[in-house]
Number of protein chains: 2
Amino acid sequence: MLHVAEAARVSVATVSALINGTATVSPELSARIEQAIRDIGYKRNAIARSLKMGTTRTIGLTVPHITNPFFTDVVSVIQQAFDRAGYAVMLCCTDEDLNTQDDQIRLLLDRMVDGLIVARVGDGAILKRIVADANVPVVLMDRLCEGVDTDAVVLDNQRAVFDAMSYLINLGHRRIGYITGTSDISPMHDRMTGYREALQAAGLPVAEELVRSGNFHEIDGYNATMQLLSLHDRPSAIFSANNPMVIGTMKAIRDIGLSCPEDISVACFDDFPWSDVFQPQLTTVAQPVQAIGEQAANLLLDRLAGNRDAPPRKLVLKGRLMIRNSCRPLGAAVHSVSA
Amino acid sequence: MLHVAEAARVSVATVSALINGTATVSPELSARIEQAIRDIGYKRNAIARSLKMGTTRTIGLTVPHITNPFFTDVVSVIQQAFDRAGYAVMLCCTDEDLNTQDDQIRLLLDRMVDGLIVARVGDGAILKRIVADANVPVVLMDRLCEGVDTDAVVLDNQRAVFDAMSYLINLGHRRIGYITGTSDISPMHDRMTGYREALQAAGLPVAEELVRSGNFHEIDGYNATMQLLSLHDRPSAIFSANNPMVIGTMKAIRDIGLSCPEDISVACFDDFPWSDVFQPQLTTVAQPVQAIGEQAANLLLDRLAGNRDAPPRKLVLKGRLMIRNSCRPLGAAVHSVSA
DNA sequence: AACGCTAATCTAAACGTTTCGATCATGTCA
DNA sequence: TGACATGATCGAAACGTTTAGATTAGCGTT
């Protein structure tokens, strides 16, 4: 900018005024300055501007896994929304690791991001402190955090799983395996509650042997399913509480020589774009990814626009049960195939 | 830092020296400063540091679509690699739009990213100029760019498609539909060349009616497939040159009342994590996503480490044909089903 | 002619670091 | 004892912006 000012024989203040339109500058000087900008190929340095202004027009976004199609879709929507608003997005994947998340959020705050969207991981204590210290707006997404009282957009997970389980129960299933992620995050907790409540509402026992837990990865779903299928009294259906794990479930079913839905019914949380096309067409609980992403972005953009003092807003969206053909009705002959 | 200095009754220079280890500071002062840092909860401001140092420890990454599993996987690997190296990643999705890409790259450069990894979109002219102007290292990924002579990691697309086509031809297919993305980017061009060469090598004609082009989205694959399937002399196999489009292909096949592989064989570029499990199990060309991401990251990290003057390095990786069950051998009764 | 008002422009400080060179005490050596 | 190297610390400039406040010129009023 100094070079531009010299070339145009004006002060840097005038150049700044012209660029930002913060003051009127005469036509002559405007012309000289614009010419100089073109000649020199000047681009304003956003870092210097950020330092002075205290704002970076950049937000931080952390998710557990970007390869999980649910997060991929949401990230994509958020990215678009902030792109439109002229913000850049710094993306971090925490890989479901607490320390990683911790480090990454600090990294983002050090870089003076203007706001944060967090699909958190693990215990909320540290996150709580970080959020309290940093005075940037934070939006929680997908996962709430006890003690962190801030904007959030989540699903009614309990209801969604309740509905899915009720569907299975209505089909005649009585022993339904349930594969959950680590239960220290709110959706896993709520989904599990939905599972239990649906069973109880139908007067069915909650057999602990039917509940298995894993760490969100395909391999965890595989192992959990293997355990479920080797039970003496095998479940007739399996519900997987997240979508990477259901791939593992399907692989285990295949490897053990069974097939879905003939031998075992499968449903899961989170939809896939290809669910309609490949066999078995999985019955899933679809989250409104577009809405989740947009709402999270809107909540944060609203804060960034200056609405700092409004009380925390918590949006709860509804899931939708996509009934396809991976669950079969159980007739008189209950899970007839012998292992 | 000023506050820390005052609290510890030292100068800011000493605080800086201690934090960065750039000079020895006495045990007494060290203790005082460290205490002050803890008391105040001081965090170094990375923006101010960037301004002074001329480096942000942030890189920019632009991809056409993050929802495409291929890019998702690669982004994930790159993200992890830079995370380990202490860099932040600014992610941009260009949505296959030239202007968007242009804007985003400028945005990234304004923010003084230390380097750029680009899976480019469209014509290379503007990218070429931007890359020339910006004196940050750039690594091209997945897609080369004519006239941009920089580090790159790409696939041997031509060979990969040649192999896939040869496989189909060996199965007895003679009329093979081909669905490509817009051909102004190198992989699409190279893949098409592989298609033509395989046909020619087998002494088969290249029927232009069998080649359809779309814009990388599922709907484009759907439309292209609809056109192919309504041809008088329908192809017995379809190869889709990218993976979102193959979902559209499968939907079109379903909607038209045919089935794969009985009525029509399908193969495509890019693997899916679930390809092994759902029916039909798609035969695909798998890209070494892990290697692509790691190599791209390594190339850039090497430049960032100071190796600026080495001549541009171009890495060409090999694809792998994953033969599953979505393509059937053509016996005596050639594509028998009548439309 | 003196005055005040407005519009245009400029000067200089500030944002929070890093770093060069200066300062100063201390100990060593001739 | 004086010269000098050494090590620790500091002062101040610089990075490239923004912006408050000062300055100047032009013009209309009285």
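Reckoned from all heavy atoms, side chains included, excluding hydrogens, waters and symmetry mates. Note on naming: letters A, B, ... go to the chains in the order of the sequence lines (proteins, then strands), and numbering restarts at 1 for each one.
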Fill in the blank from the handout: Sorted by number, residues from residues 25-34 of chain A placing a heavy atom under 4.0 Å from DNA chain C are A:Val25, A:Ser26, A:Leu29

Completion exercise
With sequence neighbours left out, the residues meeting side-chain hydrogen bond (donor to acceptor under 3.5 Å, both in side chains) with B:Gln287 are B:Asp270

Handout entry: All pairs passing side chain to side chain donor-acceptor pair (under 3.5 Å) where residues 304-313 of chain B contributes a residue, at least two apart
Key = B:Asp151-B:Arg313, B:Asp302-B:Asn307, B:Asp302-B:Arg313

Filtered N/O pairs between nucleotides 22-26 of chain C and protein, under 3.5 Å:
none

Less than 3.5 Å apart, which donor and acceptor atoms pair up between the side chains of residues 125-149 of chain A and the rest of the protein, not counting sequence neighbours?
| from | atom 1 | to | atom 2 | distance (Å) |
| --- | --- | --- | --- | --- |
| A:Arg143 | NH1 | A:Glu96 | OE1 | 3.4 |
| A:Arg143 | NH1 | A:Arg120 | O | 2.9 |
| A:Arg143 | NH2 | A:Glu96 | OE2 | 3.1 |

Exercise for the section: Determine whether B:Asp83 and A:Thr100 make a side-chain contact, defined as any pair of heavy atoms from C-beta on separated by less than 4.5 Å. Expected result: yes

Which protein N or O atoms sit under 3.5 Å from an N or O of nucleotides 15-25 of chain D?
| from | atom 1 | to | atom 2 | distance (Å) |
| --- | --- | --- | --- | --- |
| D:dT17 | OP1 | A:Tyr42 | OH | 3.0 |
| D:dT17 | OP1 | A:Asn45 | N | 3.1 |
| D:dT17 | OP2 | A:Met1 | N | 3.3 |
| D:dT17 | O5' | A:Tyr42 | OH | 3.3 |
| D:dT18 | OP1 | A:Asn20 | ND2 | 3.2 |
| D:dT18 | OP1 | A:Arg44 | NH1 | 3.4 |
| D:dT18 | OP1 | A:Arg49 | NE | 2.8 |
| D:dT18 | OP2 | A:Ser16 | OG | 2.7 |
| D:dT18 | OP2 | A:Asn20 | ND2 | 3.2 |

Fill in the blank from the handout: The reported gap from CG in B:Leu108 to OG1 in B:Thr56 (rounded to nearest 0.5 angstrom) is 10.0 Å

Practice task
Just jot down the side-chain hydrogen bond (donor to acceptor under 3.5 Å, both in side chains) partners of B:Arg57, sequence neighbours excluded, or say none.
Solution key: none

Exercise for the section: Answer whether the closest heavy-atom distance between the side chains of B:Leu51 and B:Ile47 falls below 4.5 Å. Expected result: no

Exercise for the section: Please state whether the phosphate of C:dA8, meaning OP1 or OP2, lies under 4.0 angstrom from any side-chain nitrogen or oxygen of A:Thr24. Expected result: yes

Practice task
Not counting sequence neighbours, which residues clear side-chain hydrogen bond (donor to acceptor under 3.5 Å, both in side chains) with A:Asp103? List them please.
Solution key: none

Handout entry: Pairing pattern in dot-bracket form [Watson-Crick, G-U; both distances under 3.5 Å; | = partner strand] for DNA chain C
Key = ||||||||||||||||||||||||||||||

Practice task
Measure from the side-chain N and O atoms of A:Asn20 to the backbone N and O of A:Thr22, and report whether any donor-acceptor pair falls under 3.5 Å.
Solution key: no

Exercise for the section: For A:Thr72, enumerate each residue passing the side-chain hydrogen bond (donor to acceptor under 3.5 Å, both in side chains) test, keeping only those at least two apart in sequence or located in another chain. Expected result: none

Would you list the atom pairs, donor with acceptor, under 3.5 Å between side chains in residues 84-92 of chain B and any protein atom, with sequence neighbours excluded?
none

Practice task
Sequence neighbours left out, what passes ring-ring contact (aromatic ring centres under 6.0 Å, His included) with B:His65? Give chain and number order.
Solution key: B:His217

